[in-house]
Amino acid sequence: MSRQTDKPKGILKNKDTHTPTSAKQNAPDPREVAIKHAHIIHSRREIEDQISDSMIELSKYPVTRDLSYDASHPASADAESFKDLVRLYQPSDYDDLIEERNANGLCGYTLCPNPRSRVSGGGTFKLVNYGRKDFNIVPRQELEKWCCQKCAKRAMYVKVQLNETAAWERAGIASIRIELFEEEQAPAPSDADKLAKDLENMKIEAQQKTAQNARDLALERGDSTENGKKPQRSIKLTIREKPVTAPPAPSLDPDSQSHLVTEGYKTTFDPKSETVSQDRNTSEGETTPEQALEEK
């Protein structure tokens, strides 16, 4: 007779193919999450496209070309437009703008109508102000970016005001302003006004950063409350105190040997070692206490 062998059973637990109804309700809709991420990416791309378009526009500045206007005193319309367009630039974007203007044969400073300078002779480096205190060795490519050193100062004055933070993180901050090197300044504010303005800017930036972090975290969890929708899930949190037992009270040592304990270790003495040491002393001619008593 042939025996029917039993089919071996697996030791792993079978996973439930059907998820509970409550889990389905609490799980975020993947389509909604994907749409929200797509909107975020689209808004960032729009800001980047605006920067690229403004770069092409600024590469042809200034719009108003008149003998009464120059780089030190540009037309007010051109200056305001330049400061408004460049406020969200990063330093790398500003470098690209300078290269774009140089490709058009213009000075790297946006509000300068003059062509860029051309250095005669060959070589990669040039001597600037030879024989003077401000003597320097400058790359030829750096010299040919500007029409003069004053325009280089004006351009660098704008560049140091730009921030490395991404443009979409600074798009909603209205307090970001760009100042020109030779712009006529209003009366200098007092120290109290400066401090109040700095604190206000710091508070606005902190609030915006906190709100953005909260929105991103809610989006990752699927708990976004945009469009008036309530959170799809809630988390119950129970705080329980951990039981604490008091340490045992110290007690007196009944054997009076606590002085032998060093960092938790109690020293012990081997009686055999004492006998061996006594035999060694006898062989060497030393008198033990027992021998001294016998001699007496």
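Residue indices begin at 1 and follow the sequence shown. Since we're looking at a predicted model, the values are computed, not measured.
Under a 4.5 Å side-chain heavy-atom cut-off, the cluster of Ile, Leu, Val, Met, Phe, Trp and Tyr residues that includes L88 has no other member. The other residues sharing a hydrophobic cluster with I173 are I176, where clustering joins ILVMFWY side chains under 4.5 Å apart.
Residues satisfying the side-chain hydrogen bond (donor to acceptor under 3.5 Å, both in side chains) criterion with D96, sequence neighbours excluded, are absent altogether. Partners of I47 by side chain to side chain contact (heavy atoms under 4.5 Å, CB included), not counting sequence neighbours, listed by chain and number: I51, A167, W168, A171. Taking the side chain to side chain contact (heavy atoms under 4.5 Å, CB included) definition, one finds that I137 meets it with F125, L127, F135, sequence neighbours left out. In terms of the side-chain hydrogen bond (donor to acceptor under 3.5 Å, both in side chains) criterion, S117 has no residue partners (sequence neighbours excluded). In this structure, the side-chain hydrogen bond (donor to acceptor under 3.5 Å, both in side chains) partners of Q212, at least two apart in sequence or on a different chain, are R215, D216. Taking the side chain to side chain contact (heavy atoms under 4.5 Å, CB included) definition, one finds that D70 meets it with S72, H73, sequence neighbours left out. Residues meeting the side-chain hydrogen bond (donor to acceptor under 3.5 Å, both in side chains) test with E144, sequence neighbours left out: R140. With sequence neighbours excluded, the residues satisfying side chain to side chain contact (heavy atoms under 4.5 Å, CB included) with I40 are R44, L219.
Within a 6.0 Å radius of CD in E46, other residues, nucleotides and ligands contribute more than 12 heavy atoms.
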Is there a side chain to side chain contact (heavy atoms under 4.5 Å, CB included) between E179 and Q161 once you walk through the steps? CA-CA 8 Å; E179 297 179 357; Q161 300 178 59; 3.9 Å; yes

For side chain to side chain contact (heavy atoms under 4.5 Å, CB included), just list the numbers for F82 and V158, CA-CA rounded to whole Å, side-chain angles, deciding distance to a tenth of an Å, and then say yes or no. CA-CA 11 Å; F82 168 65; V158 174; 4.1 Å; yes

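Applying the side-chain hydrogen bond (donor to acceptor under 3.5 Å, both in side chains) test to residues at least two apart or on different chains, the pairs with a partner in residues 52-68 are S54-Y89, Y61-S81, D66-S68. Listed by first and then second residue, the salt bridge (Lys or Arg N to Asp or Glu O under 4.0 Å) pairs that reach into residues 147-173 are D95-K159, R154-E182, E169-K209, sequence neighbours excluded.
The side-chain heavy atoms of C107 and P115, taken from C-beta on, include no pair separated by under 4.5 Å.
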